[in-house]
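In what follows, chains are A, B, ... by sequence order, proteins preceding strands, each numbered from 1.
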Amino acid sequence: MKEFEIRFSGSGGQGLILVTRILATALVEKGMKIAQSQSYEPTSRGGLSRSDLVASMETVDYPLASSLDYLLILDEVAVEVSGEVIGEGCLVLADSDRVSSKPEGKYSLYTLPLVSTADKLGSRRVANLVALGALAGLGSFCDQDALEMATRFHAPKGFLDLNLDALRAGYELSIEAPRIA
Amino acid sequence: MIEESRQKFDIRNNLRTELFPHFMCPGCGHGIALRALLWAVHELEISKDQLAIVSGIGCSGRTGAYIDATTIHTTHGRPLAYATGLKLARPDLEVIVITGDGDCLAIGGNHLIHACRRNLNLTCLMLNNETYGMTGGQVSPTTRNERFTTTTPLGNYEPVFDACALASGAGASMVGREITMHVTALKDLIKEGISHQGFTFLEILSDCTEIYGRKNELGESAEMVLSQKAEYRSDSYGNQVEEPFQPRNIGTGVLTKNDRTEYMEACRLHNQSKQSGTANS
Amino acid sequence: MNMANSHENKIQNLQGNHACALGAIAAGCRFFAGYPITPSSEIAERMALELPKVEGTFIQMEDEIASMGAVVGASIGGVKAMTATSGPGFSLKQENLGYAAATEVPCVIINVMRGGPSTGMPTRPAQGDIMQARWGTHGDHPIIVLTPCSVREIYELTIHAFNLSESLRVPVLVLIDEVIGHLIETIDLSLTGTQALAERRWASGPPKDFKPYAMTEDGIPPMPRPGDGYRTHTTGLHHSESGFPTQNPAEVERFIKRILGKLELHRERIENFETLECEDAECLVVAYGITARAAKRAVKQARAEGIKAGLFRPVTLWPFPEEAFRALAAGAASVLVPEMNTGQLILEIERHCPDATRVVPLNRFDGEPIAPVQILKKIKEQVSHD
């Protein structure tokens, strides 16, 4: 499998670190090695939050994101933070309702109603899983089975079905996703 | 039985006499406190090898070195922290802390209140001579009103700590106070403190004759020791304190004693209940 | 595919701070006293979870000072003990760290560095405690400082820290930057921690003639265990071989010389470093922690472009592996020292470089790690300069 860098960004409390862990587990089961890092504000809710994954077959020299291949922007607050590290040809997925501006750089942009899809499923808190499903669908960096398995491993008890529904809903969304730029 | 062992008690058996002459000034009350401690240890038949003395910095801290036991002379104000680690690592040891009014109530005040709260099975002897003797006689948290020290040249105007009320308030399951005038009562109080399961805080009123006594014209050591009698009641187990606190007409003996569960025991019981709780669910 | 299996197989996505706790448990650490502080709290949290499983003791003390004191107390009792903290807490620990150094009580201290001075930036990385790690407590004192650059190395160096501390009777500090402490990497625990555990040399023989601070040939006196009949005195005052305080000039000098000298005697065992492409390097990069990971990539990229760059990574920061470094620096035209501070290790590097060698700083102290491109750019500047 190819080495790649991915970032989940948004605001604190959107569960970005959890979906990064789910993806990390799925990739490790596929035999890859990951380096996961995050940046957060001292508060648990609100404010900028980002969670990065560098995936490769061998332990990487430099474990932090320096040239992103995939980027999720789930909230307007996270638009500017990734400008420097968006790699050329990066696949950027932004929430169509909550993100209005665009980061600098040469990349492919897709927008999808991630948060409102989660709302329709019954909980805004699963927007993270919708986003993971959609980004994986668009980017093909990890197959759906592995992600579902990893979700079963990490999902909070009692919310597994909702989380799996969200993951699948995101994947469905990606099939018809219009490329914006 | 007690009479018999009392006769056999020879303080030299529990001292490192090779270190003599000791550092204490003539008339210092710390020697009496040391004697009472070793007497109590003797009567309780605690083996020298199982005894660990943890002390801080100052005149009180230095007294520990003369005891023939494992002795740990730690940093200023921290003996309770060291003793907490030692006791948790080695519950088999009898851990006794020797500290002073500055060591325990000023720089070590935080450790004292939390040691009281935890209720780990330690015995803490605070030798209160109302001053920092080792550094030349500065004002301490227990220096009385209007007393002269090198840092209160016009007399002390700060309120004092009632160490026993502090320890009781913070949750120590046994608190007591005694004067060096009452050597036998002091020995018995220390015995009761060591035997108590939980954190014991004992304030021992000691005299600094050479520095504090001289500066305040309190007389020779005999006069200072005798004056304790007028100032501390032995008839009361209460701890009624007038505001502002002054060590006058203050009760001695056991002031607080309850059977609150000891720290390690509480931990053991708690873990046991959690384990059985998991098994049931 | 079975997720649970990979955990049994010990392949884990493990956070650096958690790896530290697991390394400590594997090293035989059975006592932890700590106080909450970002970004090191995960170490305490994991120890609170793991220690009861191995009948160890975890305690959250009332403050940083007390947790260091409790660690030294537990270690005197004969139990391998550790604490973890970050900058502000590390400042508070210095007093009892000095006591451990003077009384030669083994203990391991973890400092996950954050931005400073003062409260600084609790959640942002920095490498600002390099000199404090060496000289934080007052007076001349022995200390060993290890600095890992990956999750796996945190695990291994925590074990190594206990081994060095227990066998040499010296406090060992593991200096981690926030990036590595919070980084999650895939590691295979079955491939790590196979190093043998070093145990403290306990006093044996007749208690009567026992000298707790005897001048032994290897500089390390055996340690008396309370309850074993030795009844010794431990004090932070300068002490003679008997353990009791002394102000005798000859005894004091002998004591200081021995506690510092034992690190010299065992330097070979203590010193540890990694080199990459150093042999013919014209520009030698010296870096540690996360900065070393960036430097590694930069050096590889430079080599790919035909630039003769190399990396010297001190794993033991103190005592600095000076001999090995001197040999390599002698051949380089320039030595580049990227650090997440305003220039700390560079002061040590300058001491060991020949006058002809240009020593160049690259500093970042804005709460962001130094990126590989920054180092590569600086390497190129040096080479074009020559």
A:Y62 versus C:I370, closest heavy-atom pair with distance: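 Heavy-atom minimum between the residues: OH-O, 3.6 Å.
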Residue that, paired with A:D61, satisfies salt bridge (Lys or Arg N to Asp or Glu O under 4.0 Å) out of C:R297, C:K300, C:R293: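 By the salt bridge (Lys or Arg N to Asp or Glu O under 4.0 Å) criterion, A:D61 pairs with just one of C:R297, C:K300, C:R293: C:K300.
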Distance-only side-chain donor-acceptor flag, A:S39 / C:R124, under 3.5 Å: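 There is such a pair (donor and acceptor under 3.5 Å, judged by atom type) between the side chains of A:S39 and C:R124.
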So does [X] have more than 12 non-hydrogen atoms from other groups sitting under 6.0 Å from [atom1]?
X: C:K53; atom1: NZ; value: yes
X: A:E80; atom1: CD; value: no
X: A:E84; atom1: CD; value: no

Heavy-atom pairs under 4.5 Å with chain C, option from A:T20, A:I34, A:T59 with the top count: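 Looking at each of A:T20, A:I34, A:T59 in turn, A:I34 comes out on top.
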In Å, rounded to the nearest 0.5 Å, how long is the span from [atom1] of [X] to [atom2] of [Y]?
X: A:T25; Y: C:N13; atom1: OG1; atom2: CG; result: 5.5 Å
X: C:L14; Y: A:Q36; atom1: CG; atom2: CD; result: 11.5 Å
X: A:K33; Y: C:E185; atom1: NZ; atom2: CD; result: 10.0 Å
X: A:R21; Y: C:I184; atom1: CZ; atom2: CD1; result: 6.5 Å

A:V85, part contacting chain C, at a heavy-atom distance under 4.5 Å: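 Neither the backbone nor the side chain of A:V85 comes within 4.5 Å of chain C.
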Heavy-atom proximity to chain A below 4.5 Å, by part of C:S150: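 Neither part, no heavy atoms under 4.5 Å.
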Part of C:V373 within contact of chain A (heavy atom distance under 4.5 Å):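 No part of C:V373 comes within 4.5 Å of chain A.
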Exam field: side chain A:S37 to backbone C:L183, donor-acceptor pair closer than 3.5 Å: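 The answer is no, because no donor-acceptor pair under 3.5 Å joins these two groups.
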